[in-house]
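Quick note on labels: first sequence line is chain A, next is B, and so on, each numbered from 1.
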There are 2 protein chains.
Amino acid sequence: MMTKDAIIQKLKESGLRVTPQRLAIIEVLIEKGHLHPGAGLIYKEARKKSRSLSLSTTYATINEFSRHGVIKTLQFDGVENRCESNLDEHINLICERCGKIMDYKIRPSVDQKDMTRRTGFVVTNSRLEYYGYCRDCRQDKKRRQVP
Amino acid sequence: MMTKDAIIQKLKESGLRVTPQRLAIIEVLIEKGHLHPGAGLIYKEARKKSRSLSLSTTYATINEFSRHGVIKTLQFDGVENRCESNLDEHINLICERCGKIMDYKIRPSVDQKDMTRRTGFVVTNSRLEYYGYCRDCRQDKKRRQVP
DNA sequence: TATTTTATCTGGAATCATTCCGGACTTCTA
DNA sequence: TAGAAGTCCGGAATGATTCCAGATAAAATA
Ligand SMILES: [Mn+2]
Ligand SMILES: [Mn+2]
Ligand SMILES: [Zn+2]
Ligand SMILES: [Zn+2]
């Protein structure tokens with residue numbers, strides 16, 4: 001997770017302006033990053049800080065940040081995409097009931113050099129996900145056995 | 001990758017009928033499974049075998065198969081979702097230029113029992129992806145250095 | 001076999017997150 | 001202060017997927 005200053009610096013280095021709208025979104029990404037927020041939540045929260053922010057701008061900013069490596073976007077279908085601000089290699093534990101996304105730290109296990117030698121494929125980015133049920137939802141499921 | 005007969009059996013066990021439309025889709029999944037085909041390709045190919053097949057039915061069937069564990073769906077955003085018929089744990093190497101998806105076999109590296117003990121999260125499904133460039137597209141990129 | 005029930009199929013409309021667009025606004029620079 | 005570049009906004013367009021209601025086909029029943 002990059003710090004606020006690191007993000008601001010990165011934007012400046014890339015020749016991007018640090019506007020009130022972008023600042024608001026940066027702050028939300030830092031405050032709510034662990035939730036892996038989607039555009040909707042980011043929009044809702046950032047609007048509290050920069051009241052005129054539009055949804056278009058929120059999407060554009062998310063894309064801009066993603067393009068410059070400030071965040072990654074976790075793309076889904078049917079449901080909102082989510083933002084990943086933890087750039088270290090880890091597995092996202094995604095609850096299929098409540099949609100919560102938790103980080104699970106791992107040590108890199110695949111020898112990418114070896115993989116590239118064998119397949120010719122060069123990795124620029126990774127996405128590791130386990131789907132299932134979080135502790136809360138497992139218990140809820142148990143309780144509901146007798147509905 | 002399940003065999004045709006195994007899939008048919010599984011459907012029957014689940015009380016689902018094996019209709020011409022479903023059979024056509026099963027065959028396409030087996031013939032083109034390595035391409036990780038999307039609904040569009042499956043529709044196009046299966047239509048050659050069952051000429052009246054509709055796109056609605058194709059989607060419905062993909063969902064049904066996915067629900068019954070015959071395939072998994074790889075959800076993306078903006079682009080078509082893709083079907084995964086290789087149910088063994090592996091990493092999908094996804095080329096960001098041509099969209100090709102290649103399987104890379106790995107040995108399970110995360111101790112899920114230990115993870116569940118520590119996080120309370122129970123895994124039902126996984127999705128492991130590396131994004132990057134395949135051998136062909138890497139070479140194309142090089143050639144294009146001087147456009 | 002005829003009748004009822006159930007599952008499945010189809011074409012078109014609806015959905016909804018996301019992207020696109022033209023015009024307005026802001027910041028930078030000379 | 002004027003132009004240029006970057007940014008923002010609201011609303012329309014997009015497009016893969018889902019939903020819907022009526023038609024078909026297969027299975028179950030009598
Ligand atoms: Mn994460
Ligand atoms: Mn695969
Ligand atoms: Zn949950
Ligand atoms: Zn490629």
J.: Nearest of C:dT8, C:dG11, D:dC8 to any side-chain atom of B:S54?
T.: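 Selected nucleotide (nearest to the side chain): C:dG11.
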J.: Should the ring pair B:F76 and B:Y131 be called parallel, tilted or perpendicular, given that the plane angle runs from 0 to 90° and is split at 30 and 60?
T.: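 Ring orientation of B:F76 relative to B:Y131: perpendicular.
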J.: Whole angstrom is fine here: how far is it from CZ in A:F65 over to P in D:dT7?
T.: 10 Å
J.: Answer with yes or no whether the hydrophobic clustering places A:L23 together with A:Y59; edges join I, L, V, M, F, W, Y residues whose side-chain heavy atoms lie under 4.5 Å apart.
T.: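 In one cluster: yes.
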J.: Rounded to whole Å, please give me the gap between CG in B:L11 and P in D:dA26.
T.: 16 Å
J.: Which atoms of nucleotides 25-30 of chain C (N or O only) lie under 3.5 Å from a protein N or O atom, and what are those distances?
T.:
none

J.: Between A:R51 (CZ) and D:dC9 (P), how many Å, whole number?
T.: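 Rounded to the whole Å, the gap is 13 Å.
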J.: Would A:E13 and A:K10 pass as an ion pair if we require N to O under 4.0 Å?
T.: no
J.: Using whole Å, report how far CD1 of A:I25 lies from P of D:dC8.
T.: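 Value for this atom pair: 8 Å.
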J.: Is any NZ, NE, NH1 or NH2 atom of the basic residue among A:D136 and A:R97 found under 4.0 Å from an Asp or Glu carboxylate oxygen of the other?
T.: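 Salt bridge: no.
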J.: Do B:N86 and B:H36 pair up side chain to side chain, a donor and an acceptor below 3.5 Å, judged on atom types alone?
T.: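 Side-chain D/A pair, B:N86 to B:H36: absent.
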J.: Ignoring hydrogens and angles, tell me if any N or O in the side chain of A:R22 forms a donor-acceptor pair with the backbone of A:R17 under 3.5 Å.
T.: yes
J.: Could you please spell out the steps behind the side-chain hydrogen bond (donor to acceptor under 3.5 Å, both in side chains) verdict for B:E84 and B:H90?
T.: CA-CA 11 Å; B:E84 173 68 79; B:H90 67 281; 3.1 Å; yes
J.: B:L16 has an atom CG; how far is it from atom P of C:dT6, in whole Å?
T.: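 That distance rounds to 16 Å.
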J.: B:L74 CG to D:dA16 P: how many Å, rounded?
T.: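 Distance check: B:L74 CG to D:dA16 P gives 17 Å.
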J.: When you measure from the side-chain N and O atoms of B:R22 to the phosphate of C:dA7, is any distance below 4.0 Å, counting only OP1 and OP2?
T.: no
J.: In plain terms, say whether A:R127 and A:E129 are close enough for a salt bridge, that is, a side-chain N and a carboxylate O under 4.0 Å apart.
T.: yes
J.: Mind calculating the distance between NZ (B:K12) and C1' (D:dA27) to the nearest angstrom?
T.: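 Between C1' of D:dA27 and NZ of B:K12: 14 Å.
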J.: Atom pairs, N/O to N/O, protein against nucleotides 13-23 of chain C, distance under 3.5 Å?
T.:
unit_1 : atom_1 : unit_2 : atom_2 : d
C:dT18 : OP1    : A:N81  : N      : 2.8
C:dT18 : OP1    : A:N81  : OD1    : 3.4
C:dT18 : OP1    : A:N81  : ND2    : 3.0
C:dT18 : OP2    : A:Y59  : OH     : 2.3
C:dT18 : O5'    : A:Y59  : OH     : 3.4
C:dT19 : OP2    : A:N63  : ND2    : 3.2

J.: Please tell me if A:T57 has a side-chain N or O lying less than 4.0 Å from either OP1 or OP2 of D:dT7.
T.: no
J.: Taking CD from B:Q21 and P from D:dT24, how many angstroms apart are they, rounded to a whole number?
T.: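 Rounded to whole Å, this separation is 14 Å.
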J.: I would like to know whether B:M115 and A:Y104 meet side chain to side chain contact (heavy atoms under 4.5 Å, CB included); could you show each step before the answer?
T.: CA-CA 8 Å; B:M115 194 217 64; A:Y104 187 70; 3.2 Å; yes
